[in-house]
Amino acid sequence: MDDAVGTRPLRTARHPAAGYGEVRSSILGDALFGAGSRRLAEAHGRAHVYEFAWRSLAVDGRLGAAHTVELPFVFDRLGLPALRGQRGLPGPAEPPAALAEEMHATWVAFARTGDPGWPPFSRERRIRRFDSGGGS
């Protein structure tokens, strides 16, 4: 059953150590959130789309880059005691402060000017990716 559902290319290219459960979650997550969001952004014509890819180590690393994990980064609130530790969104390790500064500055720029600093989404799939490497 090594490749019973055709997941080997996805696992190898994007998540080399992922098990079938993780791959299934990734596929379902994209089907439930990603695909519809991309269609909506394309229909809108001026939407700026981003992906938050930094993986939290909370819940023994199982939380990953789940929905809402980026909120402490968006509002630059990583220092709040309630958000720290094994059950806090960023997890027990020290989260990247530079990523919080970058995300916060991006959201502030967007609120002030309507421009987050990258082109709107188009058929070429311009999705801004934020991760611990400072984004890409």
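As the structure is a prediction and not an experimental result, all values here were calculated from the model. For this chain, numbers begin at 1 and follow the sequence in order.
- A heavy-atom distance below 4.5 Å is not found between the side chains of Glu51 and Glu70.
- Pro92 has its side chain within reach of Leu57: a pair of non-hydrogen atoms, C-beta onward, lies under 4.5 Å apart.
- Counting heavy atoms from C-beta on, the side chains of Ser37 and Val49 never come closer than 4.5 Å.
- Under the 4.0 Å criterion applied to side-chain N and carboxylate O atoms, Arg128 and Glu102 are assigned as salt-bridge partners.
- A side-chain donor-acceptor contact under 3.5 Å links His104 to the backbone of Val74.
- Here the CD1-CZ distance, from Ile127 to Arg129, works out to 10.5 Å after rounding to the nearest 0.5 Å.
- Here the shortest heavy-atom pairing between Ala58 and Gly88 reads CB-O, 3.2 Å.
- Taking the six-membered ring for Trp and thresholds of 30 and 60 degrees, Phe73 and Phe52 have ring planes inclined between 30 and 60 degrees apart.
- Residues Arg46 and Pro119 form no side-chain contact, since every pair of their non-hydrogen atoms from C-beta on lies 4.5 Å or further apart.
- Here Leu99 contributes atom CG and Leu78 contributes atom CG; the two are 8.0 Å apart, rounded to the nearest 0.5 Å.
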Quiz item: Please walk me through it: do Arg55 and Val69 pass side-chain contact (heavy atoms from CB on, under 4.5 Å)?
Solution: CA-CA 8 Å; Arg55 298 187 59 79; Val69 168; over 6 Å; no
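- Put simply, the side chain of Arg77 does not reach to within 4.5 Å of the side chain of Leu71, judged on heavy atoms.
- Under the 3.5 Å distance criterion, the side-chain polar atoms of Ser56 are left unmatched by any main-chain donor or acceptor of Leu63.
- Minimum interatomic distance between Pro95 and Arg84 (heavy atoms only, all atoms of both residues): CD-NH2, 3.3 Å.
- Hydrophobic clustering, with ILVMFWY side chains joined whenever heavy atoms are under 4.5 angstrom apart, groups Phe75 together with Leu89.
- Trp107 and Leu83 are members of different hydrophobic clusters when ILVMFWY side chains are connected at heavy-atom separations under 4.5 Å.
- The distance between the ring centers of Phe130 and Trp54 does not fall below 6.0 angstrom.
- Rounded to the nearest 0.5 angstrom, Phe121 CZ and Tyr50 OH are separated by 15.0 Å.
- Between the Asp115 side chain and the Gly117 main chain, a donor and an acceptor come within less than 3.5 Å of each other.
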